[in-house]
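These figures come from a predicted structure and were not determined experimentally. Computed over heavy atoms, backbone and side chain alike; hydrogens, waters and symmetry mates excluded. Position 1 is the first residue of the sequence; numbering continues from there.
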Amino acid sequence: MGSFCYFPQTEEDIRVMLDRIGVSSLDDLYSDVPADFIYRGEYDLPSALSEQQVRDYFEGLAARNSRLKVFVGQGAYDHYTPSVISYITSRSEFLTAYTPYQCEISQGTLRYIFEWQSMICALTGLDVANASMYDGPTAAAEAVRMCVASTKKRNSVVIAASLLPNVIDTVRTYAKYAGINIIVAEDVAAAAGGTADLAGILVPSVNRYGIVEDLSGLVGLAHDAGALLVEYCDPSALAVVRTPAEWGADVAVGDGQSLGIPLCYGGPYVGFMACTTACMRKLPGRIVGQTTDASGKRCFVLTLQAREQHIRREKATSNICSNESLMALWCTVYLSLMGPEGLRKVNELSHAGARYLHDALLATGKFSDPFEGKYFLKEFVLAPKCDVPELQKALLGAGYFAALQTDEGYVTFCVTEKHSRAELDEIVNIVKAI
């Protein structure tokens, strides 16, 4: 210990602490661990490197990664990221550590959380939004628990089989340990109508096949049963499709990744949740409110603190405790830069590219459309008539990640505003050559 000058504790400090807790050595702290599990040898660590050598080492590792052009959606979308976002999010006033309990020193963090909430409300049309949801699937799981907490003596939630598989799996995991009965259904209306203790219905706005869902009648079915309707959304798509409020949903959840968060091997992402005023007190996570200080100036504070999960412990309806909103800041900057017109343009370009690729791939004769006549926005699936592994190998060889196969045997494609017509034509030519 003494040779590491950056350790703040002296040998005497350590001795005082050990005496205080009644043990003779640091090894005694591990007395409950079987000896076979304690490594006694020397660690095989490399020699110290200079800063430049460390940079070179990690750049060498990074160079081994495949740099592919991503044409697969399934919950991860390769949208354009304005370059200024990384600079704004690095400003010190936005990087308050942990949860902003002390509002007098956390105004930057509280301000952007408030703006994030406001923008989510604008996108969803609902009354209240929170912050600090980890990602879309866990936000959906929190919404399922919220349905049960908001209804009396009801413990079953029907969820659509057309949700993304990782959303369904996450909801099932949360529900298992909360004792909630999950019913995954192809026909949501029929399943909900036959469930006596229905607490909620969870359906996608845009399903895992890229199709924009028609949710007509579901809100009446849910409310007649005393249950809540939860909609899982792509927030980027909400700029052009009917909002959860327009469908009559009580709660809206989803993942903010499509709001300019770059693809990065699976994360980090950020979930969102919004609801009606009637459900507000069941919201997990942070809720920031606007008020005035002693001088009458506009300021921001955490509100509804009596509901805070860290206070309720085992009685909490949620496991959201820490503030996880750095990526919410990223999305907030993105939304402020794009504005309503920019978001509409993103969707227009994405849809035009997706429609062009869809029709061109069908024209090759190598695919059929299993959902002909259904409306899709930027993502679609096709039924292949060719050998899928050969197709995927050819695309990967040309630098494209596309034609991901679903459990049903379909292949998926997704086009965003980042993808050029030349790239779409190249994909079509690769398919023709198989």
Side-chain angles (χ1 to χ4, degrees), residues 82 84-134 139 142 146 150 235 238-239 243-245 250-253 256 259-261 270-312 316-318 320-343:
V84 72
I85 294 180
S86 61
Y87 296 98
I88 296 176
T89 56
S90 298
R91 290 180 63 90
S92 59
E93 63 265 39
F94 295 136
L95 291 178
T96 307
Y98 197 55
T99 299
Y101 298 118
Q102 295 176 277
C103 57
E104 64 273 17
I105 62 170
S106 303
Q107 284 300 295
T109 300
L110 292 166
R111 167 71 182 271
Y112 77 70
I113 293 177
F114 180 84
E115 301 295 354
W116 161 251
Q117 294 171 178
S118 301
M119 291 175 180
I120 291 299
C121 287
L123 284 171
T124 62
L126 295 174
D127 304 319
V128 189
N130 67 1
S132 298
M133 311 304 292
Y134 299 136
E142 294 284 354
M146 187 174 165
S150 300
L238 289 179
T243 66
D250 301 285
V251 184
V253 294
L259 301 177
I261 298 180
V270 58
F272 70 86
M273 179 183 283
C275 69
T276 60
T277 303
C279 299
M280 176 174 62
R281 289 190 173 274
K282 298 298 183 182
L283 274 176
R286 308 276 80 75
I287 302 177
V288 174
Q290 175 183 299
T291 185
T292 54
D293 63 15
S295 302
K297 296 180 180 178
R298 182 190 190 209
C299 63
F300 305 92
V301 294
L302 289 178
T303 189
L304 297 180
Q305 281 281 286
R307 184 228 5 94
E308 284 286 292
Q309 304 304 323
H310 62 281
I311 296 172
R312 300 190 65 187
T317 58
S318 166
I320 302 294
C321 296
S322 299
N323 180 43
E324 301 285 341
S325 61
L326 179 58
M327 300 319 297
L329 168 60
W330 187 282
C331 296
T332 301
V333 177
Y334 173 87
L335 288 168
S336 67
L337 291 169
M338 301 299 287
E341 189 63 33
L343 279 181

For Ser132, check side chain to side chain donor-acceptor pair (under 3.5 Å) against everything at least two apart and list the hits.
Asn323
If you compare all heavy atoms of [X] against all heavy atoms of [Y], which two are closest, and at what distance to 0.1 Å?
X	Y	value
Tyr334	Leu259	CG-O, 3.3 Å
Asn130	Met133	ND2-SD, 3.3 Å
Asp127	Cys121	O-SG, 3.6 Å
Pro284	Met273	CD-SD, 3.6 Å
Gly271	Ala139	CA-CB, 4.5 Å
Met338	Pro82	SD-CG, 4.3 Å

What distance do [X] atom [atom1] and [Y] atom [atom2] have between them, rounded to the nearest 0.5 Å?
X	Y	atom1	atom2	answer
Glu93	Ile88	CD	CD1	10.0 Å
Leu283	Met146	CG	CE	4.5 Å
Cys331	Leu123	SG	CG	10.5 Å
Ile85	Thr332	CD1	OG1	10.0 Å
Gln102	Thr109	CD	OG1	12.0 Å
Ile113	Phe300	CD1	CZ	11.0 Å

Note, [X] side chain near [Y] side chain (heavy atom, < 4.5 Å):
X	Y	value
Cys275	Asp250	no
Val270	Trp330	no
Val253	Glu142	no
Pro235	Met119	no

Are more than 12 heavy atoms from other residues, nucleotides or ligands located less than 6.0 Å from atom CZ of Arg91?
no
Check the pair Ser325 / Arg286 against side-chain contact (heavy atoms from CB on, under 4.5 Å), numbers first and verdict last.
CA-CA 9 Å; Ser325 61; Arg286 308 276 80 75; over 6 Å; no
Evaluate the side-chain contact (heavy atoms from CB on, under 4.5 Å) criterion for residues Leu126 and Thr243: first the C-alpha distance (whole Å), next the side-chain angles of each, then the deciding distance (0.1 Å), finally the verdict.
CA-CA 9 Å; Leu126 295 174; Thr243 66; over 6 Å; no
Could you list all the salt bridge (Lys or Arg N to Asp or Glu O under 4.0 Å) pairs where at least one residue sits in residues 100-111, not counting sequence neighbours?
Arg111-Glu115
Give the intermediate values and the outcome of side-chain contact (heavy atoms from CB on, under 4.5 Å) for residues Trp116 and Val288.
CA-CA 10 Å; Trp116 161 251; Val288 174; over 6 Å; no
